[in-house]
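Each chain gets a letter, A, B and so on, in the order its sequence line appears, and its residues count up from 1.
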Protein chains: 2
Amino acid sequence: MALYVMKFGGSSVGDTERMKRVAKRIAEKQDEGHQCVVVVSAMGDTTDDLIDQARLLNEEPPTRELDMLMTNGEQISIAMLSIALHAIGRKAVSYTGWQAGFRTESVFGKARITDIRPDKVKKALDEGHIVVVAGFQGMTEDFEITTFGRGGSDTTAVALAAAIEADVCEIYTDVDGIYSTDPRVVKVARKLQEISYDEMLELANLGAAVLHPRAVEYAKHHQVRLVVRSSFNYNEGTVVKEEANMEQGVVVSGIAFDKNVARISILGVSHIPGVLAKVFGSLAKAQIDVDIIVQSGVTDGKADFSFTVALTDRERAIQVIEGIREDLPFSEVNFEDNLVKISIVGAGMVSHPGVAAQMFEVISQQGVNIKMVSTSEIKVSCVIDNNKLQEVVAALHTAYNLDTQEQAFVGGPQDRR
Amino acid sequence: MALYVMKFGGSSVGDTERMKRVAKRIAEKQDEGHQCVVVVSAMGDTTDDLIDQARLLNEEPPTRELDMLMTNGEQISIAMLSIALHAIGRKAVSYTGWQAGFRTESVFGKARITDIRPDKVKKALDEGHIVVVAGFQGMTEDFEITTFGRGGSDTTAVALAAAIEADVCEIYTDVDGIYSTDPRVVKVARKLQEISYDEMLELANLGAAVLHPRAVEYAKHHQVRLVVRSSFNYNEGTVVKEEANMEQGVVVSGIAFDKNVARISILGVSHIPGVLAKVFGSLAKAQIDVDIIVQSGVTDGKADFSFTVALTDRERAIQVIEGIREDLPFSEVNFEDNLVKISIVGAGMVSHPGVAAQMFEVISQQGVNIKMVSTSEIKVSCVIDNNKLQEVVAALHTAYNLDTQEQAFVGGPQDRR
């Protein structure tokens, strides 16, 4: 007998039919002799619908009241799932985030967990219940209801798994597991049996949005064994754990790409340190995340430097820079869209020199210029024009021996059983 | 400056436009210099919609999970109303039932309030907030979410008014106040300026469904000054308080009628006491409420007796009685539908003998037979055929000097301001 935390996302419980399917899936797990704690998100578009309605009343709803509003999405889900479990003869009990013991800091819309007191959850498990917990939400010490921000249900599942010392935390989603790259772009993408927390963290942050980065961080910190698998079939998923078994000759585990990227360049800059501080200080103040930063050599005491921001932040970033132009000694600011950032990720890179060089070589063989580069211990990212994305990713995928002959399963509601 | 509790029902906050209107109404009260605590029900049909969806999963959802589900209706309402208040520049904060301090017994679907700890409510008021509280819900000492049953939002408003020592508890609804009888049946129905708790209690229990009986009981017990008024206009409502000022010569305050009534008769009964106990014990076990009970004289050691049940319970009641027939010495059971129970209510009755006699006389003048009678200190009820309902009510209304010349306002969303 093992203790499972099973997390189902909004699309897995999108309507009553899917809710029934999830209930059946949980019952099967219980029939195998396991204890089950289930974390669910709001059904389908419930959260967005609630926010849309609130906007009819107030274009900028206060975050405290938005949290009061949004948490109903999960509370409806848990009650419905528990009701569905009762319908097939299971003892089940649903708990809101605060009932399950989630305490958070006093920040609305993106609270961090400060403590988990899962007494009710443990007691209900001991009594033979399936425990259904609302994802994404908690309560401050002052009894205020808070949310963790988007993707927070993953964090609920992982944190609860750590708190109750679950054997496994299964994240059920609409894909089969973690792939070496997006199977919609590269048909021969390989489903990974295992991946390390660090690799997963890089992939999560790079926009391969299967798992929320905070959840992965939490899992790494508390050494929670994660499994990512599909809620629509019974295929084995991908295990996320501390040290993934290196397959022979595999230094790169995955290739991620991000089209939400724009380059901004500031030209003819003197007094570079002061300018950098001012520019990035102002951008940070405007809540604009900067990713890659590249500085060219200095000529005549002047230099150019470039950085990337999310495409969706580009216009605002330019405004911020123009806004501080008078205080700054630079001659010009320009930008470039239609870019993509391609990243190779692999824990094996550290011990295999030349991985980055190989990446540059493969990209240049495709006749593509590399515009910006950034590296970390387990990641190399290159920014290129986005018109050759597919060819470049496919070529890298082959070069790093990631191609598989099996057909990838891209997801969707095809219950194979 | 006074402290107001204002309660708005589901139809008053049925959509975002009505929500805005309610927000405006509250702001006006605040602008008059008052402190406001607002209790709201779920928006429009939200509760029924949630239950309908749950029934798709489970024909008999467990009551605990139904409470988890239904309470979202009010939690959505309070967040929306608070968001609407912020939109017009008001400091507002919403609290669920448990946040507002409502503690209940551990019964789902119809919990009674055991304690109210309104610390958060008082603190927020002191800070200048409008406090918006979810009706109909509370929490057990064991942190389980409970509901008070249908109409429970009235109880929330009254109980909270008592706990925070509010000056007035206003119940905003879709009618102008308490009428001497249903203005849809009698055009000359009179809106009462005042009514006593006891009279209101009788009217509430008789199906004049403006106020929930439990709320009236609570108000009487804690001497909460209630005002029933319309959320769609600014007319003065009806004050419900301990001793209503008797108007000159008015002994009957209101006439109520209930069409949801059926008569069941058991004929040829011997050993009457044993039979009565068995019949009404079995009916109570089946959760069937019995109202009027009448027993005829005894002939040859045998008697007939009759009682009324809700029309909707009639079929089940007959089944219950047939089910115990073999144990009982009676010769026949029959029933009658198409009935109505008409009741006159008035605190002045006690000191005015002959009120009941006058009622019987008026009814017989209409050529109508009285089938059953029941009396209390401030009420006389008669069961008659329902085909002369309108004439009988109108005749009684005139006989007891209740007619007014003013046109009654029957309600509906016609904001007169």
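- For A:E127, the CD atom is densely surrounded, since the number of other residues' heavy atoms within 6.0 Å is greater than 12.
- Around CD of A:E60, the count of heavy atoms belonging to other residues, nucleotides or ligands within 6.0 Å does not exceed 12.
- Residue A:E105 qualifies as enclosed at atom CD: its count of foreign heavy atoms under 6.0 Å is above 12.
- With a 4.5 Å cut-off on side-chain heavy atoms, B:M68 and A:T96 count as touching.
- The neighbour count for B:K110 NZ, taken as heavy atoms of other residues, nucleotides or ligands under 6.0 Å away, does not exceed 12.
- Options A:V132, A:N72, A:L57, A:N58 differ in how many heavy-atom pairs under 4.5 Å they form with chain B, and the most are formed by A:N72.
- In this structure a side-chain-to-backbone donor-acceptor pair under 3.5 Å is missing from B:Q53 to A:T16.
- Taking all atoms of both residues into account, the shortest heavy-atom contact from A:E65 to B:V93 is OE2-CA, 3.4 Å.
- Comparing B:K20, B:R64, B:E17 by heavy-atom pairs within less than 4.5 Å of chain A, the highest count is held by B:R64.
- When each of B:H86, B:M19, B:Q75 is scored by its heavy-atom pairs under 4.5 Å with chain A, the top score falls to B:Q75.
- Taking non-hydrogen atoms and a 4.5 Å limit, the residue list of residues 134-149 of chain B in contact with chain A, ordered by number, reads B:M139, B:D142, B:F143, B:E144, B:I145.
- Of the two parts of B:Q99, only the side chain, counted from C-beta on, holds a non-hydrogen atom closer than 4.5 Å to a non-hydrogen atom of chain A.
- Using a 4.5 Å heavy-atom cut-off against chain A, the contacting residues of residues 33-50 of chain B are B:M43, B:L50.
- Looking at B:A23, neither its backbone nor its side chain comes within 4.5 Å of chain A, counting heavy atoms on both sides.
- For the set B:S94, B:A87, B:A54, B:P61, the entry with the most heavy-atom pairs within less than 4.5 Å of chain A is B:S94.
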